[in-house]
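Owing to the predicted nature of the structure, the values given are computational and were not obtained by experimental measurement. Letters A, B, ... are given to chains in the order of the sequence lines, protein chains preceding strands, and every chain is numbered from 1.
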Amino acid sequence: MQKNKQVRTRFAPSPTGYLHIGGARTALFSWLYARHSQGKFVLRIEDTDQQRSTEESTRAILDAMEWLGLNWDEGPYFQAERVTIHREMIRKLIDEDKAYYCVCTPEELEEKRRRALAEGRKPKYDGTCRDRKLPPSDGAVVRFRCPQTGTTIVEDLIKGKISFNNEELDDLIIQRSDGYPTYNFAVVVDDAQMNITHVIRGDDHVNNTPRQILLYEALDYEIPQFGHVPMILGADKTRLSKRHGATSVMAYKELGYLPEALVNYLVRLGWSHGDQEIFALDELIELFDLGSIGKSAAVFNPDKLLWLNQHYIKSYPEEKLLDVLRPFWKKSGLDVTDSDYGLHIVRDLKARAKTLPEMVESSLFYFTDEPPIDADAAAKFLTPEIADHLGAIADELTTLSDYSKEGIEAFLRNLAEARSIKLKTIAQPLRIALTGKTASPGLDDIMLTLGKERVSSRIRRAVSYIRNHRLS
RNA sequence: GGUCCCAUCGUCUAGUGGUUAGGACGCUGGCCUCUCACGCCGGAAGCCGGGGUUCAACUCCCCGUGGGACUACCA
């Protein structure tokens with residue numbers, strides 16, 4: 001075992017799309033383990049598939065990593081830039097007779113596979129070219145001569161011991177006919193040469209692991225530790241995909257989720273620490289361990305993520321919340337230049353929103369002198385007999401010297417008492433006068449944020465609204 | 001089909017042979033209250049099935065069943 005070696009983990013996405021929820025969690029686990037162990041976290045882009053890899057995808061993945069706060073110590077390395085190294089190692093294997101050229105065509109192989117399946121045999125490569133000692137040629141691939149006897153044991157950090165009979169393994173292609181190495185080969189060479197000590201990846205890779213171990217041995221590399229993390233499923237227990245809703249990390253940013261919420265959600269999907277649900281990042285780094293990752297697949301639960309988002313919104317520092325809110329306000333055509341006003345709004349609203357756009361939506365009344373008055377609400381609460389009370393509030397407000405939350409609260413109560421009515425009686429009408437709606441932050445909060453002037457004019461507007469609609 | 005993995009409330013999970021099976025989301029009853037939230041208190045809801053092992057199994061073993069992954073010149 002590599003006892004005193006520095007821990008080195010990596011995240012190795014292929015740039016064929018955005019960073020999705022599943023990949024993000026794997027990256028998070030890998031990152032946390034490196035940080036917890038004071039090791040290094042390496043980012044490597046697996047772009048050996050020339051057809052499907054794009055630069056936009058690479059950019060998108062990097063952006064998402066940054067948004068989540070998963071900073072890397074080395075890289076990004078690009079696998080495609082390392083083909084010279086890969087070819088060198090392939091050369092070595094051929095020279096040692098551990099690999100060989102194969103000229104079977106994809107069509108022939110497909111046909112054999114079909115026939116094997118139809119006859120109920122296992123569809124593995126039949127070894128046609130295994131001992132033909134073929135020279136290199138155009139269109140030939142290179143296959144690894146996989147040991148056909150014995151067993152290969154994977155000591156998985158998460159799943160425990162997994163054993164495979166080598167006879168189940170066939171001679172996998174390590175170099176394609178276009179001269180590029182395949183994933184299973186490149187990943188071994190790169191992980192080994194980058195001194196990765198812990199390969200943490202999705203458990204869709206477990207069946208690749210024994211062949212990779214055999215490759216490590218053939219190349220005389222030290223074998224790293226493996227940890228295969230379970231998949232994330234959709235509500236119907238099938239692999240998470242677009243039809244289960246947003247699966248891209250950046251989509252959640254756009255939907256108004258906080259990175260802290262997504263990280264907290266993702267880490268608890270599979271990993272746990274007793275009954276604790278809320279984890280700050282530094283706490284996670286301190287507590288995280290691979291042993292506490294569960295073995296079974298988990299269903300993605302949008303409701304719980306929403307709850308966490310709400311939690312982080314209400315406990316976010318107000319200045320920070322104001323900052324992340326700005327782009328969302330901008331989308332609604334609002335530019336909050338008065339930071340003091342913005343901070344007041346944030347304070348009023350932070351306990352009442354699950355997402356950022358939701359918060360923007362409920363903040364709209366702060367930004368217009370004439371918030372649209374909900375007709376049903378007006379019909380119910382803006383009655384003729386209320387007009388007088390409202391007018392009185394506006395009038396007496398001018399004499400209120402202690403315009404603080406407590407002062408306003410007392411003012412309203414005293415006024416109600418003086419007029420022999422319940423505060424309840426004027427609360428809703430006043431709320432509608434100020435916001436146009438029946439649901440809002442507390443009256444004292446809104447009035448404080450809005451300021452005396454806005455409050456007075458909105459009340460007078462409501463009074464004339466009543467006159468126009470009810471007393472005509 | 002073959003290989004491999006997995007299995008506690010609807011969902012995420014704690015549990016590590018003896019517990020009234022705990023927490024969280026969601027659902028729900030109530031409290032707080034100027035509305036809506038927040039918060040607080042309570043409730044319904046679970047060990048896939050069958051065999052063993054054991055004085056005792058959610059926990060260990062086996063077999064079913066169910067789900068998932070892989071089975072590419074994708075990663």
Side-chain angles (χ1 to χ4, degrees), chain A residues 12-16 46-49 51-53 79 102 104-106 109-110 113 116-124 139-143 154 156 159-160 162-165 168-170 172-178 180-184 186-187 201-210 228 230-231 233 235 237-239 265 268-278 292 294-308 310 314 349-354 362 377 381 409 412-413 416 422-432 435 437-444:
Chain A
S14 66
T16 53
E46 311 243 308
D47 55 351
T48 47
D49 184 342
Q51 316 302 319
R52 301 195 304 149
S53 299
Q79 197 158 57
C102 167
C104 296
T105 66
L109 294 170
E110 181 50 35
R113 195 170 11 247
L117 235 29
E119 292 167 14
R121 289 178 293 114
K122 57 188 62 172
K124 71 182 236 186
V141 300
V142 177
R143 283 182 186 272
V154 180
D156 196 273
K159 307 233 176 208
I162 308 172
S163 73
F164 297 84
N165 282 324
E168 300 293 339
L169 280 20
D170 62 358
L172 76 158
I173 292 174
I174 57 177
Q175 184 175 83
R176 295 190 275 244
S177 52
D178 65 4
Y180 278 87
T182 56
Y183 163 75
N184 275 299
V187 75
R201 62 192 356 172
D203 76 1
D204 47 339
H205 287 286
V206 285
N207 286 309
N208 288 327
T209 310
H228 287 97
M231 304 269 85
L233 276 21
K237 306 236 181 190
T238 64
R239 201 180 181 140
Y265 177 73
R268 276 290 289 104
L269 202 58
W271 179 83
S272 61
H273 181 72
D275 284 341
Q276 192 171 345
E277 294 288 349
I278 306 292
S292 300
K295 296 178 179 182
S296 52
V299 173
F300 185 79
N301 180 352
D303 279 335
K304 188 161 182 182
L305 171 57
L306 207 49
W307 171 73
L308 276 163
Q310 176 179 243
K314 75 171 180 262
L349 260 21
K350 61 189 292 191
R352 344 177 109 73
K354 287 184 179 351
S362 50
F381 293 106
E409 163 92 31
L412 289 176
R413 291 197 184 280
K422 294 263 194 195
L423 179 58
K424 255 181 162 40
T425 313
I426 45 166
Q428 282 303 71
L430 179 54
R431 185 185 321 282
I432 293 157
T435 70
K437 300 174 299 179
T438 51
S440 81
L443 289 170
D444 43 3

**Q** Using atom CG of A:Asp203 as one end and atom P of B:rC70 as the other, report the distance to the nearest whole Å.
**A**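 Rounding to the nearest Å, CG of A:Asp203 and P of B:rC70 are 9 Å apart.
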
**Q** From B:rC38, B:rG22, B:rC5, pick the nucleotide closest to the side chain of A:Ala351?
**A**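 So the nucleotide nearest the side chain must be B:rC38.
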
**Q** Would you mind classifying the nucleic acid contact of A:Glu168 as base, sugar-phosphate or nothing, using non-hydrogen atoms under 4.0 angstrom?
**A**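 Result for A:Glu168 = sugar-phosphate.
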
**Q** State whether the distance check finds a donor on one side and an acceptor on the other, under 3.5 Å, for side chain A:Ser177 versus base B:rC73.
**A**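 For A:Ser177, whose side chain was compared with the base of B:rC73, there is a donor-acceptor pair (under 3.5 Å).
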
**Q** In whole Å, I'd like the distance from the CD atom of A:Gln276 to the C1' atom of B:rC25.
**A**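 Computing the A:Gln276:CD to B:rC25:C1' distance gives 16 Å.
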
**Q** Within less than 4.0 Å of OP1 or OP2 of B:rU35, is there a side-chain N or O belonging to A:Lys424?
**A**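 For B:rU35, OP1/OP2 do have a side-chain N/O of A:Lys424 under 4.0 Å.
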
**Q** OP1 or OP2 of B:rA72 versus the side-chain N and O atoms of A:Arg113: is any pair under 4.0 Å?
**A**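 Yes.
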
**Q** Given B:rC6, B:rA24, B:rC73, which nucleotide is nearest the side-chain atoms of A:Lys295?
**A**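 Out of B:rC6, B:rA24, B:rC73, the nucleotide with an atom closest to A:Lys295's side chain is B:rC6.
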
**Q** If you check the A:Glu277 side chain, which of B:rC25, B:rG23, B:rC4 turns out closest?
**A**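 Of B:rC25, B:rG23, B:rC4, B:rG23 is nearest to the side chain of A:Glu277.
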
**Q** Nearest whole Å is fine: how far is B:rA24 C1' from A:Lys304 NZ?
**A**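 Rounding to the nearest Å, NZ of A:Lys304 and C1' of B:rA24 are 4 Å apart.
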
**Q** Looking at A:Arg268 and A:Trp271, would you say the former's side chain and the latter's main chain have a donor-acceptor pair under 3.5 Å?
**A**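 Yes: the side chain of A:Arg268 pairs with the backbone of A:Trp271.
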
**Q** Sticking with atom C1', work out how far B:rG2 lies from B:rC27, rounded to a whole angstrom.
**A**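 Roughly 44 Å separates the two C1' atoms.
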
**Q** Is the phosphate of B:rA75 approached by A:Thr16 (side-chain N or O, under 4.0 Å from OP1 or OP2)?
**A**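 Indeed not, no polar side-chain atom of A:Thr16 lies that close.
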
**Q** Between B:rC34 and A:Arg413, is there an OP1 or OP2 to side-chain N/O distance shorter than 4.0 Å?
**A**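 Yes, such a contact exists.
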
**Q** Are the side chain of A:Ser272 and the backbone N or O of A:Gly274 linked by a donor-acceptor pair below 3.5 Å?
**A**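 No: the side chain of A:Ser272 does not pair with the backbone of A:Gly274.
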
**Q** So, is A:Arg268 near the phosphate of B:rU11, with a side-chain N or O under 4.0 Å from OP1 or OP2?
**A**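 No, no such contact exists.
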
**Q** Checking all strands, does A:Asp204 fall into the base, sugar-phosphate, or nothing category for heavy-atom contacts under 4.0 angstrom?
**A**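 Sugar-phosphate: the residue A:Asp204, judged by heavy atoms under 4.0 Å, touches backbone atoms but no base.
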
**Q** Could you give the distance separating B:rC36 and B:rC31 at their P atoms, to the nearest angstrom?
**A**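 After rounding to an integer number of Å, I get 13 Å for this pair.
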
**Q** Examine B:rC6: is either OP1 or OP2 under 4.0 Å from a nitrogen or oxygen in the side chain of A:Lys237? Give yes or no.
**A**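 The answer is no; no side-chain N or O of A:Lys237 sits under 4.0 Å from OP1 or OP2.
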
**Q** Any idea which of B:rA75, B:rC34, B:rC38 is nearest the A:Leu423 side chain?
**A**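 Nearest to the side-chain atoms of A:Leu423, counting from C-beta on, is B:rC34.
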
**Q** Ignoring the backbone of A:Arg352, work out which of B:rU13, B:rC36, B:rC70 is nearest its side chain.
**A**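 Of B:rU13, B:rC36, B:rC70, B:rC36 is nearest to the side chain of A:Arg352.
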
**Q** Can a side chain N or O of A:Thr238 be found less than 4.0 Å away from OP1 or OP2 on B:rG68?
**A**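 So the side chain of A:Thr238 is outside the cut-off, no N or O lying under 4.0 Å from OP1 or OP2 of B:rG68.
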
**Q** Any donor-acceptor pair under 3.5 Å joining the side chain of A:Asp444 to the base of B:rC34?
**A**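 A donor-acceptor contact between them is present.
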
**Q** Taking the same atom, P, in B:rC70 and in B:rG64, what whole-Å distance lies between them?
**A**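 One P to the other, the span is 24 Å.
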
